[in-house]
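Single-structure report; data block below.
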Amino acid sequence: MKKTLLLTENFPPKEGGSGRWFWELYSRLPKDEVFIIANDTDEGRLFDKTHTLNIHRISLSCPEWGVASIDGLKFYWSTIRKVLQLIKENKIEEVHCGRVIPEGVIARAIKLLAGKEYRCFVHGEDVETAATSREHSLLVKNVCKNASMLICNSENSLNLVTQLDFDNGDKCEVLHPGVDAERFKVAPSNEAFRKKLGWSGKRVLLTVGRLQRRKGQDFLVEIMPELLKQFPDLFYAIVGRGECKEELVSMIEQNDLQNNVAVYSDMGDEELIQCYQQCDIFILPNRTINNDIEGFGMVLVEAQVCGKPVIAGDSGGTRETMSIGKTGQIIDCSSPNAVLKNLKVILGSESIVDGSVDIAKYARNRFNWDEHVSKAKTLFEK
């Protein structure tokens, strides 16, 4: 493996699937061959005291990813200078970009100035969002044209790259994110934990993810009063942080749902795993909003490794996380009525899957990190 620089704003302790993906993948690669540049925050510097990766933090956060504004130009000029210096100091041979923009734009400039080849990860929502801006679209097209490889997190993301004419697909490779099957695993019922969270005697639906509209927590909270008429033992547990928290809490209070819906925004890692293990059904009622999609849905894989059947919205790459009908179901989540109609049918059935497949075994075999890292190494050597 060449001495590689991973350039990404999304890296722990920042929450999110892509950051977790990069941590799990690059922490398993030879440490003397991997150097990481991530966003500089107080939390990040504290986090870096807990591991031994070669990481350097600079400011990678900018509200404008284009180059037609003063802010954008300043961001790129300053960042490119810093990255070039670190590449020289650490004898970096190749750059891996966390996204096609802005990290890919930085890598494109590095290739022009220092001749370093680069590969870009594609998550789906990044190219969708870029396509809404003519300037961003032109930048991303140039990035893709000059990249040595585009690593897509799903077939859906690969299809977006070609549909949006960023690449004809020749440079695209699909690498699904994985899961830590040693930590996420089936566990027996823990009544003490369920009681602590108010789940005792309840049929628990769990969503884990950022509190944002495309994740769909708002629609599910909205229809809970109707669902409770048919399923009075239902409980909706929402784990995560984000811009929609106050709105969700307000919806819960306005509809007197405190005994049947709760938002948990301060879960530690071990408590989060227990949530997966102790829920009854995992649901990600995601939808497409403008060009914002769920590129893959790692949380769906994590739930399945814990033995839980999953339900997801028919948007983005969620279909690729499961065996439909055997480990989970895909439903229309584009409106509250659609979610309500579909959930009434699913929750009213004897089982949401046909029982022919061991859910945890399926997910372990398909998405374990060891297999993922092996595939990644093969791609990186191309």
Side-chain angles (χ1 to χ4, degrees), residues 154-156 176-191 193-194 197 199-209 216 220 223-224 226-239 260 272-286 294 296-333 338-369 371-372:
S154 66
E155 293 288 346
N156 181 75
H176 290 129
V179 65
D180 187 345
E182 296 300 315
R183 297 181 64 223
F184 294 86
K185 56 189 176 183
V186 177
S189 178
N190 184 334
E191 186 55 34
F193 182 80
R194 290 176 63 90
L197 296 188
W199 297 2
S200 292
K202 304 288 188 179
R203 186 184 186 189
V204 179
L205 296 176
L206 171 69
T207 297
V208 175
L220 192 40
I223 66 170
M224 275 297 290
E226 282 298 314
L227 284 177
L228 288 168
K229 292 177 183 178
Q230 187 172 339
F231 311 103
D233 64 338
L234 207 59
F235 190 100
Y236 183 34
I238 305 168
V239 177
N260 297 92
L272 171 61
I273 293 171
Q274 285 185 290
C275 285
Y276 282 118
Q277 294 167 333
Q278 300 304 318
C279 75
D280 295 287
I281 299 168
F282 185 89
I283 182 167
L284 182 66
N286 61 295
E294 188 73 31
F296 182 67
M298 286 178 66
V299 290
L300 294 160
V301 176
E302 291 169 349
Q304 288 172 86
V305 171
C306 292
K308 303 304 176 179
V310 298
I311 302 170
D314 192 7
S315 169
T318 55
R319 287 177 171 270
E320 298 170 53
T321 66
M322 69 183 79
S323 176
I324 299 173
K326 299 182 182 299
T327 68
Q329 297 286 355
I330 294 291
I331 64 173
D332 178 7
C333 292
V339 182
L340 179 62
K341 178 183 176 181
N342 285 294
L343 283 186
K344 278 187 172 182
V345 173
I346 291 175
L347 297 177
S349 61
E350 188 173 326
S351 175
I352 77 166
V353 292
D354 65 18
S356 64
V357 170
D358 182 317
I359 297 173
K361 184 177 180 180
Y362 164 84
R364 280 198 308 271
N365 289 343
R366 188 174 178 200
F367 296 108
N368 71 82
W369 279 121
E371 183 178 345
H372 175 87

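Values below: all heavy atoms of this structure, side chains included; hydrogens, waters and symmetry mates excluded. Throughout, residue positions are numbered sequentially from 1 according to the sequence presented. As the structure is a prediction and not an experimental result, all values here were calculated from the model.
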From [X] atom [atom1] to [Y] atom [atom2], the distance as rounded to the nearest 0.5 Å:
X	Y	atom1	atom2	answer
Ile331	Leu284	CD1	CG	10.0 Å
Leu205	Ile311	CG	CD1	6.5 Å
Thr318	Leu300	OG1	CG	6.5 Å
Tyr236	Ile223	OH	CD1	9.0 Å
Arg203	Ile281	CZ	CD1	4.5 Å

pair [X]-[Y]: side-chain heavy atoms closer than 4.5 Å:
X	Y	value
Val301	Phe296	yes
Lys202	Asn260	yes
Ile238	Leu220	no
Gln230	Leu347	no

How would you list, by chain and number, every residue that makes a side chain to side chain donor-acceptor pair (under 3.5 Å) with [X], sequence neighbours excluded?
X	answer
Glu155	none
Glu191	Ser200
Trp199	Tyr264
Ser356	Lys326, Asp354

Which atoms form the tightest heavy-atom contact between [X] and [Y], and what is the distance?
X	Y	answer
Val353	Gly328	CG1-N, 3.4 Å
Pro309	Ile352	CB-CD1, 3.3 Å
Met298	Trp369	CE-CZ2, 4.0 Å
Cys333	Asn286	CB-O, 3.5 Å
Ala363	Val305	CB-CG2, 3.4 Å

* Run the numbers on Phe235 and Asp280 for side chain to side chain contact (heavy atoms under 4.5 Å, CB included), then give the verdict. => CA-CA 10 Å; Phe235 190 100; Asp280 295 287; over 6 Å; no
* Asked: Tell me the salt bridge (Lys or Arg N to Asp or Glu O under 4.0 Å) pairs involving residues 340-353, sequence neighbours left out?
  ->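 Salt bridge (Lys or Arg N to Asp or Glu O under 4.0 Å) check on residues 340-353 returns no pairs.
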* Qualifying salt bridge (Lys or Arg N to Asp or Glu O under 4.0 Å) pairs with a residue from residues 358-369, counting only residues at least two apart or across chains ->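 Found none.
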Going by side-chain contact (heavy atoms from CB on, under 4.5 Å), name the residues that satisfy it together with [X], two or more places apart in sequence or in a different chain.
X	value
Gln277	Lys185, Ala187, Ile273, Gln274, Cys306
Ser189	Arg194, Gln278
Ser349	none
Asn156	Ser154, Leu160, Ile293, Glu320

* Partners of Arg183 by salt bridge (charged side-chain N to carboxylate O under 4.0 Å, His left out), sequence neighbours excluded? ->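 In terms of salt bridge (charged side-chain N to carboxylate O under 4.0 Å, His left out), with neighbours along the sequence ignored, Arg183 is linked to Glu270.
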* To do: Check for a donor-acceptor pair, side chain of His372 on one end and backbone N or O of His176 on the other, with a separation under 3.5 Å.
  =>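 Judged by distance alone, yes, a pair lies under 3.5 Å.
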* **Sole residue of Val310, Ile346, Leu343 in side chain to side chain contact (heavy atoms under 4.5 Å, CB included) with Ile283** =>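 Exactly one pass, corresponding to Leu343.
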* Which pairs pass side-chain hydrogen bond (donor to acceptor under 3.5 Å, both in side chains) with one or both residues in residues 296-315, sequence neighbours excluded? ->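 Listed by first then second residue: Arg20-Glu302, Tyr276-Glu302, Thr288-Ser315, Gln304-Thr327, Asp314-Arg319.
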